[in-house]
Number of protein chains: 2
Amino acid sequence: MSDHPDPVLRLLWRYDDGAAPSTRRGRKQRLTVDDVVDAAVRIADRDGLPGLTMRLLATDLGLGAMSLYTYVPGRDELVVLMVDRVLGRRELPAMPDDLPGRMALIARVQYEICQEHPWLLEISGLRAWVGPGASDLYEWQLSGIEGVGLDDIEMDQTVALLAGFAGSVVRAQQRMRQDERTSGLTQAEWWAANADELGVVMAGREYPLAGRVGATTGEAYQAATDPAREMEFGLARIIDGLVAYIEGKRSATS
Amino acid sequence: MSDHPDPVLRLLWRYDDGAAPSTRRGRKQRLTVDDVVDAAVRIADRDGLPGLTMRLLATDLGLGAMSLYTYVPGRDELVVLMVDRVLGRRELPAMPDDLPGRMALIARVQYEICQEHPWLLEISGLRAWVGPGASDLYEWQLSGIEGVGLDDIEMDQTVALLAGFAGSVVRAQQRMRQDERTSGLTQAEWWAANADELGVVMAGREYPLAGRVGATTGEAYQAATDPAREMEFGLARIIDGLVAYIEGKRSATS
DNA sequence: TAACTTTTTCGTACGACGTACGGAATAGAT
DNA sequence: ATCTATTCCGTACGTCGTACGAAAAAGTTA
């Protein structure tokens, strides 16, 4: 039974059952699973997850649509493979010496991965399979906060906090980009163009704080060309809080 | 032109153009837009966003499928209305006196909204329209951190940080629930049942940290029946970091 | 009351999607 | 040369959002 693992697990780990490739009968596959997954990633990077259709992927690979199903059981499983692939493909930089720097790096790598593959944030309703890519990344993330005084559960929560925050930032940016794409206007331009319409439609409702803050951020984001800087405020606060917690724990036990 | 606002804006704010209802000719609508949106929310709460189909919603309302399009331009716009509806439907509690408590409350309300309407986290690729529900919520969130020494941009980022974190936590929980639903096993049960298969398939790869931390958290999450407690660690760190920043700013200017 | 106008209702249909099915093609084993 | 295992892929089914146009209903006007 351990010779017949879950087909998704087998695919994720590219486990080929130990069968000697010389004894494999029948027609040969023209491509590899990696070819299929890589092509799928390219399409999703360009067109988003809904733009990744089995037919498009197949023709992109020079195959008939149904031939894909000899490589992959279905679309959902393909997405699982894509996720693990992009998590594992990035080479993981060496951890710096200072703890805050290591925490920032964990967040920044997650940020860049999500940035390069925005469809990662569109996924939902899928199981969280454990593959080599996710495992390598998780191991690397943990190595950045190992031995600083956190217990295992706190380590897991810390990684989740840093990575989750990075995802949130990218999500916010994507929403902004989406707005600009569909409206053809920047954030500030849209508000300027629709200010009177909004006034009519809101019909007397007052939002003193939201109005003031919205106006200020609207102006600021118009000029902010470096999207990476949007992460700095939150990340700095999170790292401060984490470091303070760790130092508090240390001084309590010493 | 300000009499003909964007149809989505008009719907969001239920702006009926000031036309006297007595002069409206033609067959009468059997339902209201709110009826449609509420029914859609009920379905999405139960079946998720992919389970919300126009045909199902229509029969649920006793309408033909195409009759929905007299209430709403299309499915995407319906989802926009649903979002604003559930953001605005929650009554917003009074803010406590202490700043950390107000920050925690902002996160907790966001957490509960996401928890009650998990489909909120499945949405992507849609514009972020500004409606009364979102505006009310944003105004309330800002009121919790107004006058503490943050500038407008920092206030926006603080709210985003707290709300984004809450969303991340719910997302993680949903993924866990999804795993349990599709596998029929709890986290710990799955790892116990698949440990040997994983060993075979991983074929010599070593994950010392991930293995140790994964085992510990797996055990812990098996027993943790109160999902709300998963938020405490991260939220406490974030609030610590925010409060420290604000105090630092205060002492610098005084 | 009858004719007209406006709006809602909804049956039908189209194109796109994931993919089940079964036959044709191809390779190694016998 | 035959058998068997495997890949390839054309066809087709059910589901989705929704375009289109006819039928039904309600107010306005003659």
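Lettering follows sequence order; numbering is per chain, from 1.
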K.L.:
So Asp6(A) and Val201(B), side-chain contact (heavy atoms from CB on, under 4.5 Å) or not? Walk me through it.
P.N.:
CA-CA 10 Å; Asp6(A) 186 300; Val201(B) 113; over 6 Å; no

K.L.:
Run the numbers on Val170(A) and Leu121(A) for side-chain contact (heavy atoms from CB on, under 4.5 Å), then give the verdict.
P.N.:
CA-CA 9 Å; Val170(A) 178; Leu121(A) 302 173; 3.6 Å; yes

K.L.:
Applying side-chain contact (heavy atoms from CB on, under 4.5 Å), run through Val130(B) and Leu12(B) and close with a yes or a no.
P.N.:
CA-CA 8 Å; Val130(B) 39; Leu12(B) 267 174; over 6 Å; no

K.L.:
Leu56(B) has an atom CG; how far is it from atom C1' of dG17(D), in whole Å?
P.N.:
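To the nearest whole Å, that distance equals 14 Å.
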
K.L.:
Return each pair, listed once, that meets salt bridge (Lys or Arg N to Asp or Glu O under 4.0 Å) where at least one residue sits in residues 73-86 of chain A; pairs must be two or more places apart or across chains.
P.N.:
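Applying salt bridge (Lys or Arg N to Asp or Glu O under 4.0 Å) to every pair that reaches into residues 73-86 of chain A, excluding sequence neighbours, yields Asp34(A)-Arg85(A), Asp38(A)-Arg85(A).
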
K.L.:
To the nearest angstrom, how far is Met54(B) atom CE from dC10(C) atom P?
P.N.:
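In whole Å, dC10(C) P lies 14 Å from Met54(B) CE.
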
K.L.:
Going by distance alone, is a donor N or O of one side chain under 3.5 Å from an acceptor N or O of the other, for Tyr207(A) and Asp136(B)?
P.N.:
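There is such a pair (donor and acceptor under 3.5 Å, judged by atom type) between the side chains of Tyr207(A) and Asp136(B).
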
K.L.:
Tell me: CZ of Arg27(B) to C1' of dA25(D), nearest whole Å?
P.N.:
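Whole-Å distance recorded here is 5 Å.
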
K.L.:
Ignoring hydrogens and geometry beyond distance, is a side-chain donor-acceptor pair present between Gln174(B) and Glu122(B) at under 3.5 Å?
P.N.:
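Judged by distance alone, the side chains do not pair up.
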
K.L.:
Starting at CG of Leu126(A) and ending at P of dG18(C), how long is that distance when rounded to a whole Å?
P.N.:
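Rounded to the whole Å, the gap is 14 Å.
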
K.L.:
Side chain of Arg24(B) only, heavy atoms from C-beta on: which candidate in dC10(C), dT19(C), dT7(C) is closest?
P.N.:
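Taking heavy atoms from C-beta onward, the closest nucleotide is dT7(C).
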
K.L.:
What integer distance in Å separates Leu57(B):CG from dT15(D):P?
P.N.:
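Answer to the nearest Å: 18 Å.
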
K.L.:
Near DNA chain C, which residues from residues 64-86 of chain A have a heavy atom under 4.0 Å away?
P.N.:
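Contacts with DNA chain C under 4.0 Å: Met66(A), Tyr69(A), Gly74(A), Arg75(A).
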
K.L.:
CG of Leu63(A) to OH of Tyr69(A): how many Å apart, nearest 0.5 Å?
P.N.:
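OH of Tyr69(A) is found 12.5 Å from CG of Leu63(A).
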
K.L.:
Going by atom types only, do Trp119(A) and Asp45(A) share a side-chain donor-acceptor pair under 3.5 Å?
P.N.:
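Yes - a donor-acceptor pair under 3.5 Å links their side chains.
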
K.L.:
Please list, in numerical order, the residues of residues 28-52 of chain B that have a heavy atom closer than 4.0 Å to any atom of DNA chain C.
P.N.:
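Going residue by residue through residues 28-52 of chain B, the ones with a heavy atom under 4.0 Å of DNA chain C turn out to be Lys28(B), Gln29(B), Arg30(B).
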
K.L.:
Spell out yes or no: do the side chain of Arg25(A) and the base of dT26(C) have one donor N/O and one acceptor N/O closer than 3.5 Å?
P.N.:
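Answer no: no donor N or O sits under 3.5 Å from an acceptor.
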
